[in-house]
2 protein chains.
Amino acid sequence: MKDNNDMPGHLARRFQQIAVAVFLAEVADAGFDLTPVQYAALATIKANPGLDQVTLAGLIAYDRTTITGVIDRLVQKGLVERRASSRDRRARELEITDEGRRTLRKITPAVESAQRIMLGGLNAKEGEELMRLLRKAIAAGNELSRAPLRDVQV
Amino acid sequence: MKDNNDMPGHLARRFQQIAVAVFLAEVADAGFDLTPVQYAALATIKANPGLDQVTLAGLIAYDRTTITGVIDRLVQKGLVERRASSRDRRARELEITDEGRRTLRKITPAVESAQRIMLGGLNAKEGEELMRLLRKAIAAGNELSRAPLRDVQV
DNA sequence: GGATATTGATCAGTATGCTGACTATCAGTA
DNA sequence: TACTGATAGTCAGCATACTGATCAATATCC
């Protein structure tokens with residue numbers, strides 16, 4: 001019988017599981033309480049001020065129903081503002097707050113250290129190769145999930 | 001600023017997201033309704049009859065609190081039996097049912113095809129290399145998550 | 001212009017996954 | 001044997017993620 005270690009799906013889950021645990025631990029060590037999803041959303045909102053939720057979802061490959069809850073929590077924490085759009089009354093424009101900006105700045109070293117730790121078992125060349133192969137596999141499978149990456153210009 | 005595509009954590013999530021979507025789609029095409037977690041648990045119970053939930057959790061690297069719900073649903077579907085252990089009255093012994101065995105047999109082609117599809121963007125050598133690097137990174141980070149892999153003999 | 005289709009956001013429902021707590025039981029030891 | 005610590009399982013609570021539905025608003029087409 002095929003071993004778990006020969007199933008890319010199992011390996012994907014395990015690696016992700018470790019990645020999330022490392023991220024949360026590093027961020028908590030730095031004195032913050034932010035999940036990987038919340039961080040990605042916050043960073044993307046800062047880089048694209050005023051974007052709407054669907055665009056945000058496309059930029060980081062989340063389902064739009066997931067984004068609703070993530071933004072709820074970021075707003076609750078005072079890191080993001082959600083305003084009705086004037087151009088399209090269905091849409092909400094997202095804006096990072098000063099505290100969001102401050103949090104993002106202070107948390108960056110922990111995030112970078114987490115990325116290093118999760119590749120800790122690999123040397124630099126192997127880490128690069130792993131990322132290259134993941135990018136390639138992801139690009140080929142992009143349309144297979146309900147939340148594909150959408151490279152929109154804002 | 002660092003791009004998402006340079007963050008192993010982001011790539012890990014994306015690859016896993018696609019892997020799960022592909023798994024569910026292939027399994028649904030074959031006429032079944034089984035999640036990746038449920039499949040892994042079922043296969044492991046079949047290979048280790050009578051094992052308890054903590055051992056199962058260790059073999060597939062799940063948190064024991066997650067396993068409780070997964071087994072609930074497998075029992076509900078009639079694929080697994082959960083009995084009190086005679087040796088240790090705290091523990092539950094898990095046994096696959098005939099229907100569980102039948103399901104596992106019929107679902108295997110879909111599971112294997114899913115593993116191929118999620119590596120669809122890579123050639124054979126690249127797929128092998130990706131799995132090797134994932135295994136290596138995972139081995140180094142095994143103890144960093146709350147649910148490490150435990151290679152127990154049953 | 002008006003019917004139709006599409007889109008942005010949300011919601012209900014389900015299934016992982018995690019933290020931390022709790023109960024019952026077991027194991028080791030003074 | 002009584003005490004102490006560890007262990008198996010469950011639970012409450014929270015945060016992703018998904019499916020499918022609904023509502024309001026916008027686009028499109030005749």
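Numbers restart at 1 for each chain; the letters A, B, ... are given by sequence-line order, proteins then strands. Note: hydrogens, waters and symmetry copies are ignored here, and every other heavy atom, side chains too, is used. Values in this document were obtained by computation on a predicted structure and should not be read as measured data.
Comparing A/Arg64 and A/Ala61 along DNA chain D, the residue whose closest nucleotide (by nearest heavy atom) sits nearer the 5' end is A/Ala61. Annotation: of the two residues near DNA chain C, A/Arg146 and A/Gln17, the 5′-most nearest-nucleotide partner is A/Arg146.
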What does the list of N/O pairs under 3.5 Å between the protein and nucleotides 12-16 of chain C look like, with a distance for each?
from, atom 1, to, atom 2, distance (Å)
C/dT16, OP1, B/Thr35, OG1, 2.7
C/dT16, OP2, B/Gln38, NE2, 2.9
C/dT16, OP2, B/Arg73, NE, 2.6
C/dT16, OP2, B/Arg73, NH2, 3.2
C/dT16, O5', B/Arg73, NH2, 3.3

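Put simply, CD on B/Gln53 is 16 Å from P on C/dG17, counting in whole angstrom units. The separation between B/Asp88 atom CG and C/dC26 atom P is 5 Å, rounded to whole Å. Note: CD1 (A/Ile71) to C1' (C/dC11) measures 17 Å, nearest angstrom. At whole-Å resolution of the value, NE2 in A/His10 and P in C/dG17 are 12 Å apart. Atom CG in A/Asp63 sits about 13 Å away from atom P in C/dG8, given to the nearest Å.
Nucleotides of DNA chain D lying under 4.0 Å from heavy atoms of chain A occupy a range whose first and last members, 5' to 3', are D/dA15 to D/dT26.
By the side-chain hydrogen bond (donor to acceptor under 3.5 Å, both in side chains) test, B/Thr103 pairs with no residue at all, sequence neighbours left out. Residues that satisfy the side-chain hydrogen bond (donor to acceptor under 3.5 Å, both in side chains) test with A/Arg83, not counting sequence neighbours, are A/Glu95.
Between the side chain of B/Glu126 and the backbone N or O of B/Leu119 there is no donor-acceptor pair closer than 3.5 Å. A/Gln76 contributes no side-chain N or O that, together with a main-chain N or O of A/Ile71, makes up a donor-acceptor pair within less than 3.5 Å. A distance-only check finds no donor-acceptor pair linking the side chain of A/Asp52 to the backbone of A/Ala91 [under 3.5 Å].
Pairs of residues two or more places apart, or lying in two chains, never qualify as salt bridge (Lys or Arg N to Asp or Glu O under 4.0 Å) while including a residue from residues 105-122 of chain B.
The closest side-chain donor-acceptor pair between B/Arg13 and B/Gln16, if any, does not fall under 3.5 angstrom. In summary, the side chains of B/Glu81 and B/Thr97 do not present any donor paired with an acceptor at a separation below 3.5 Å, with no hydrogens or angles considered.
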With B for base contact, S for sugar-phosphate-only contact and - for none (protein heavy atoms under 4.0 Å), nucleotides 1-7 of chain C reads ------B
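With both pairing distances under 3.5 Å, C/dA30 is matched to D/dT1 as a Watson-Crick or G-U wobble pair.
For the atom pair OG1 of A/Thr44 and NZ of A/Lys46, the computed distance is 11.5 Å after rounding to the nearest 0.5 Å. Atom-to-atom distance recorded for A/Met118:CE and B/Leu11:CG is 10.0 Å, nearest 0.5 angstrom.
A sub-4.0 Å separation between OP1 or OP2 of C/dG17 and a side-chain N or O of A/Gln16 is absent. OP1 and OP2 of C/dA24 both lie 4.0 Å or more from every side-chain N or O belonging to B/Arg92.
Annotation: side chain of A/Leu74 is in contact with side chain of A/Leu34 (closest heavy-atom distance under 4.5 Å).
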